[in-house]
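Structure first, commentary second.
Computed from heavy atoms alone, side chains included, the values below leave out hydrogens, waters and symmetry copies.
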Amino acid sequence: MLWPMLALALASCGIAVLAVLSLRVYAEVRRLARQVSDSSARITRAAEDLERATEPLSAQVGAVRRDGGGVRGH
């Protein structure tokens with residue numbers, strides 16, 4: 001009777017350890033998802049800033065090409 005009870009106790013402990021580890025994995029996945037979301041938002045803001053910054057430059061390049069002063073290839 002001792003061995004079956006010991007096996008049952010060890011199995012219960014093993015399940016408890018797996019439950020704790022799964023909770024830790026869940027918490028880390030949530031943290032990683034938040035970081036990915038924040039990084040994605042920052043990349044989107046940086047891309048929008050870059051687009052706004054290049055608008056004046058593209059207007060200048062367009063004006064130079066319309067005037068015929070563009071750089072010709074070799």
Side-chain angles (χ1 to χ4, degrees):
M1 186 72 177
L2 175 67
W3 292 111
M5 291 189 68
L6 183 62
L8 186 61
L10 286 176
S12 297
C13 289
I15 290 173
V17 166
L18 287 176
V20 168
L21 291 177
S22 67
L23 288 175
R24 289 183 64 187
V25 167
Y26 175 75
E28 289 298 317
V29 166
R30 297 246 339 191
R31 186 177 64 83
L32 178 62
R34 269 195 310 273
Q35 286 180 348
V36 167
S37 175
D38 292 344
S39 297
S40 176
R42 288 173 55 192
I43 289 171
T44 301
R45 282 194 307 267
E48 290 169 353
D49 291 346
L50 184 61
E51 286 178 10
R52 279 193 299 274
T54 57
E55 285 176 4
L57 180 61
S58 65
Q60 289 176 356
V61 169
V64 168
R65 287 190 182 211
R66 279 191 302 271
D67 293 341
V71 177
R72 306 251 190 262
H74 291 85

Under the 3.5 angstrom rule, does the side chain of Ser40 hit a backbone N or O of Val36 as a donor-acceptor pair?
no
Nearest-0.5 Å distance that lies between atom CD1 in Ile43 and atom CG in Asp38
11.0 Å
In Å and rounded to the nearest 0.5 Å, what is the CD1 to CG distance from Ile15 to Leu10?
11.5 Å
So if you build clusters from Ile, Leu, Val, Met, Phe, Trp, Tyr with side-chain heavy-atom gaps below 4.5 Å, do Leu8 and Trp3 land together?
no
Residues Arg52, Glu55: salt bridge by 4.0 Å N-O rule:
no
For Leu50, the rest of its hydrophobic cluster, which grows through side-chain links under 4.5 angstrom
none
Using the rule given for salt bridge (charged side-chain N to carboxylate O under 4.0 Å, His left out), can you reason through Glu48 versus Arg45, listing the C-alpha separation, both sets of side-chain angles and the distance that settles it, and then say yes or no?
CA-CA 5 Å; Glu48 290 169 353; Arg45 282 194 307 267; over 6 Å; no
Non-hydrogen atoms of Ala53 and Pro56 that approach each other most closely
O-CD, 3.4 Å
